[in-house]
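Being a predicted model, the structure only gives us computed values, none of them experimental.
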Amino acid sequence: MAINFFEEGVQSRINQKRKIKDWIKKAAKEKGFHISNLNYIFCTDDYLLQINRNYLNHDTFTDIITFDQAEQEREIEGDIYISIERVKENATTLGVIYHEELLRVLIHGMLHLCGLKDKSQKEKKRMREEEEKALNLFQTLSVPRGTL
């Protein structure tokens, strides 16, 4: 059961990795999933744009791309690419601190691997509700949301 963090040309500024990993595992467990191997790759806008173009045929910037590699039901195995530049810009636009937006994006990717989608308005609403539930769970772990 491994959760790994990698950086490609950026610094994510995550300081409490152990607590964040515990939180992600607990959130997955509450959804009925087991984490086998989950990699978070923090990168630049340009790096993620190339992945978006090469693998998804989209020519747009995005904050996150999730690749599901699980072979068994209720198992999480995959790679989640996160543009740190997009997270910072989104935090500014939404009026939240960077670390809180980063937590939201971290859990957003994991929720995708649990099968949640966010294409329709109904799906987006459910995704936001699940993100909030997970962020509240983070609070119970005695880790201030604004200090990773």
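- Under the 30°/60° scheme for interplanar angles, the aromatic rings of Y81 and F67 are found to stand perpendicular.
- A donor-acceptor contact shorter than 3.5 Å is absent between the side chain of E100 and the backbone of I97.
- Relative ring orientation between W23 and F138 is described as perpendicular, the plane-to-plane angle rising above 60° on a 0-90° scale split at 30° and 60°.
- You'll find the side chain of I14 reaches within 4.5 Å of the side chain of F42, heavy atoms only.
- Heavy-atom minimum distance, G109 versus I80: C-CD1, 3.5 Å.
- Looking at E130 and K31, a side-chain N of the basic residue comes within less than 4.0 Å of a carboxylate O on the acidic one, giving a salt bridge.
- The distance from the CD atom of E85 to the CG atom of D46 is 7.0 Å, given to the nearest 0.5 Å.
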> When you look at L48 and D63, which way does the side chain to side chain contact (heavy atoms under 4.5 Å, CB included) test go after all the steps?
Replying inline: CA-CA 8 Å; L48 197 54; D63 55 354; 5.9 Å; no
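- Summarising the geometry of I84 relative to Q11, their closest heavy-atom pair is CG2-O, 4.1 Å, with the distance given to 0.1 Å.
- Scanning all heavy atoms of the two residues, the minimum distance from T62 to S83 falls at O-CB, 3.7 Å.
- Looking only at side-chain heavy atoms (C-beta outward), R128 and K125 stay at 4.5 Å or farther from each other.
- Y98 and R13 get closest at one heavy-atom pair: CD2-NH2, 3.2 Å.
- For the pair Y40 and I24, the minimum side-chain heavy-atom distance is below 4.5 Å.
- Looking only at side-chain heavy atoms (C-beta outward), D45 and E89 stay at 4.5 Å or farther from each other.
- Remark: the D118 side chain and the H108 side chain contain an N/O donor-acceptor pair separated by less than 3.5 Å.
- A salt bridge does not link E129 to R126: none of the charged nitrogens lies less than 4.0 Å from a carboxylate oxygen.
- Atom NZ of K29 sits about 11.5 Å away from atom NZ of K25, to the nearest 0.5 Å.
- A salt bridge between E131 and R104 is present, with a side-chain N of the basic residue lying under 4.0 Å from a carboxylate O of the acidic one.
- A distance of 15.0 Å separates CZ of R74 from OG of S36, quoted to the nearest 0.5 Å.
- Of the possible donor and acceptor atoms, one in the side chain of E7 sits under 3.5 Å from a partner among the backbone N and O of S12.
- Connection of L106 to I64 is established within a shared hydrophobic cluster, with ILVMFWY side chains joined at heavy-atom distances below 4.5 Å, either directly or through further cluster members.
- Within the model, atoms CD of E75 and CG of L113 stand 10.5 Å from one another, a figure rounded to the nearest 0.5 Å.
- Residue I107 is not grouped with residue I41 when hydrophobic side chains (ILVMFWY) are merged at heavy-atom distances under 4.5 angstrom, including chains of intermediate members.
- Under the 4.5 Å side-chain heavy-atom criterion for grouping Ile, Leu, Val, Met, Phe, Trp and Tyr, I3 is connected to I20 within one hydrophobic cluster.
- No chain of hydrophobic side-chain contacts below 4.5 Å, direct or via other Ile, Leu, Val, Met, Phe, Trp or Tyr residues, connects L49 to V10.
- Within the model, atoms NE2 of H112 and OG1 of T66 stand 5.5 Å from one another, a figure rounded to the nearest 0.5 Å.
- Closest approach of C114 to I76, counting heavy atoms only: SG-CD1, 3.7 Å.
- In summary, K88 and E101 do not engage in a salt bridge, as defined by a charged side-chain N under 4.0 Å from a carboxylate O.
- Hydrophobic clustering places M110 together with L135 (ILVMFWY residues linked when any side-chain heavy atoms are closer than 4.5 Å, directly or through intermediates).
- The environment of CZ in F6 is crowded: more than 12 heavy-atom neighbours from other residues, nucleotides or ligands sit within 6.0 Å.
- A donor-acceptor distance shorter than 3.5 angstrom exists from the side chain of N52 to the backbone of T60, with no hydrogens or angles considered.
- To the nearest 0.5 Å, the span separating CG on L137 from CD on E30 amounts to 5.0 Å.
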